[in-house]
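So the structure is just underneath, and the comments pick up after that.
In what follows, chains carry the letters A, B, and so on, assigned in the order in which the sequence lines appear, proteins first and then strands, with residues in each chain numbered from 1. From a predicted model like this one, the values you see are computed outputs, not experimental measurements.
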Amino acid sequence: MNEDVKVEDLTRPQAAAELERLAALIAAANTAYHQEDSPDISDAAYDALKHRNAAIEARFPDLVRSDSPSEQIGARPAEGFAKVTHSQRMLSLGNAFAAEDVTDFDAGIRKYLGLGPEADLRYTAEPKIDGLSLSLRYEDGRLVQAATRGDGSVGENVTANARTIGDIPQRLSGAPAVLEVRGEVYMSHADFAALNARQAEAGEKTFANPRNAAAGSLRQLDPAITKGRPLRFFAYSWGELSEPLAKTQAEAIERLNSLGFSTNPLTAICNGPEDMLAHYAAIEEQRATLGYDIDGVVYKVNDLALQARLGFRSTTPRWAIAHKFPAELAWTRLEAIDIQVGRTGALSPVARLHPVTVGGVVVSNATLHNEDYIAGRSASGEQIRGGKDIRVGDWVQIYRAGDVIPKVADVDLEKRPPEAMPYVFPTTCPECGSAAVRETGDAVRRCTGGLICPAQAVEKLKHFVSRAAFDIEGLGAKQVEQFYADGWIAEPADIFTLKERYGSGIQQLKNREGWGEKSASNLFAAIEERRKIPLGRLIFALGIRHVGEQVSNLLARHYGTWEAFEAAVREAAPLEGPAWEEMNNIDGVGKVLATSLVTTFAQESERASIDRLVGHLEVQPVAAPKTEGSPVSGKTVVFTGTLEKMTRAEAKARAEALGAKVAGSVSAKTDLLVAGPGAGSKAKKAAELGIETVDEDGWLALIAGI
DNA sequence: AGACCTCGAGTTCA
DNA sequence: CTCGAGGTCT
């Protein structure tokens, strides 16, 4: 009955009735989806219902129902886009905040390239558009795929939507056979305002800022909706190419422009840091009148041959940096300080704020890092707040670090209420009451409750099912919390007995809010699927301190099987002896890490929990590469310089798996030197000794196909 | 021993 | 995304 009434025109009683109606509709749609094979309403219609519900709740927060659809667990998953693996990773950029960071950037590059301060070195400088990056793949001049950045390696296929954007050509003439153009999708201020006006008029939700509007528009499942949204695109980079575009960054951009792409008119060539900073100032001055959002200036080494020499760090290129504009600031009142307990027992203080808009987003929480941060003293120079302590009741200045994480920048002592007392950091865990202690030299205070602490237990379980660990579909953070609260799951092993214990458990699951027969059987199937688990994932899932994803894979590659790994950890328990030495000799594993691993396994309760878990699993070994016929078997290899296609730790592990011995320095015994860019004295020495030297590609070719 | 780099852990909002 | 800290390189 209220369906056609705009959200903002609803009276209170109407809103209450509408929320009731929507709750019933959405619940019915969820049931239909979970219990039958075909949902009864389209995704778009379903989303519209949820949007309307959220909009009304936002306007009448006190009318939010206890059975509100926005709170439901196990609701219909967002119908996703297909995944796309980028042929070349889409990296992010390093950040500069001060002029000094820019001069450091220049100095670092000169040093890396072996150039003096006077040598000619040019950079491009262009505005950093605040939108979302997109990679467009053209084959033989036709647009064949458009993908979002995603996590850098795998993005989402949004080709149909990208085709609706006017700035994106469908066809190119005179382009390389394979051309991946990268750039930014954005919305202008004028278009954003007009869109929001239309949205409001239609009773649809409005967007907080142009960036969200652009992101929301590009990620529409129905391209027809995207087509109606005024999106634009600036090209600024490229991925895979069948032939080079040009010799310099500036010429490449010009080439993209002549192929029909919009490129930013404020792109300039700068000669050194002074020039770069001047251009930065010039762009900042025009910021308000550009008509679209920018959040900084990007500098890139102009010479593409030099870019190639500089290469990449793990997540960022060495030859580019983003010089950010100062973050937007806002003042608000600190209403409370809460303590959260993490997986490792870390007590993290969180500021509860009177909601305030910062950079187009309403913020009501902010991280306070740790005890010292609140106290206003810092071990390692975080002096943004000039040594002022933070008290409940204070007026605090908030900014969003990297435009994401809200932080407290300053405290207004003038406005401090006289009754405000310094915050006393708890020395017991607020969740379980165990002592919370701070190791000397550590910034964090940790709950000592271990598995007794419910917060730690839940966080460990969440970690266990997380994406890089067991990644069980249908068992996310929310479900884990609920199952833990209901006593269904107390430790990881319990996940694998869930079906036995709640056997015809589907019956019981079905009675839960938001669960139907289909989602329950899907969950059990997903759990079954994960009984087979790669060794690296298992080690990571255990959630041992200092043992993250990378280290877990390193350990898995080194030991190969669960049996070998487990035996090694047990034998290393005295923190000495051959097994201990071997572990410490793994590249990337040091004392702190090895101690953490070995002592965790040595704890009776942890140990028992791990044994119970592994009993339910079939751990897949890391395929041991054959060392037979390996061209490097028995040889001594040294790596130097920067490796671009693998980490040093990875390279070493791989070489050892192939039967080579990896040494740290070049000597007469060295058989082969693998030298990446930036190689220095080792390469010189190898040349003097007449030792065979190859670059990274040569090394990869050598070991290929084994 | 110090500089540099990577990884781990924790955090927010849509 | 950022900080802190562990680990390696020079």
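To the nearest angstrom, C1' of dC3(C) lies 14 Å from CG of Leu368(A). For the pair Leu597(A) CG and dC7(B) C1', the interatomic distance rounds to 16 Å; values are reported in whole Å. The distance from atom CG of Leu555(A) to atom C1' of dG8(B) is 14 Å, rounded to the nearest whole Å. In this structure, OH of Tyr373(A) is placed 11 Å from C1' of dT2(C), rounded to the nearest angstrom. As rounded to whole Å, 13 Å separates atom P of dC1(C) from atom CG of Leu132(A). For Asp372(A) and dA5(C), the CG to P distance is 10 Å, given to the nearest whole Å. His369(A) places its NE2 atom 13 Å from the P atom of dA5(C), with the value rounded to the nearest Å. For the pair Leu554(A) CG and dC7(B) P, the computed distance is 9 Å after rounding to whole Å.
In this structure, a donor-acceptor pair under 3.5 Å is present between the side chains of His369(A) and Lys407(A). No side-chain N or O of Asn196(A) forms a donor-acceptor pair with one of Thr206(A) less than 3.5 Å apart.
Distance from the side chain of Glu549(A) is smallest for dG8(B) among the nucleotides dG8(B), dC3(C), dG6(C). Of all nucleotides listed (dT2(C), dG7(C), dG8(B)), dG8(B) comes nearest to the side chain of Val551(A). Closest to the side chain of Val592(A), from the set dT2(C), dG7(C), dC3(C), is dG7(C).
In this structure, Tyr299(A) and Asp106(A) have side chains that are not in contact, with every pair of non-hydrogen atoms separated by 4.5 Å or more. Counting heavy atoms from C-beta on, the side chains of Arg211(A) and Asp293(A) never come closer than 4.5 Å. Val298(A) is listed as a side-chain neighbour of Leu93(A), based on a closest heavy-atom distance under 4.5 Å. A heavy-atom distance below 4.5 Å is not found between the side chains of Asn370(A) and Arg445(A).
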Checklist entry - If the sugar-phosphate is the primed atoms plus P, OP1 and OP2 and the base is the rest, what is the B/S/- string for nucleotides 9-14 of chain B, using protein heavy atoms under 4.0 Å? => result SSBBS-

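With sequence neighbours excluded, no residue forms a ring-ring contact (aromatic ring centres under 6.0 Å, His included) with His86(A).
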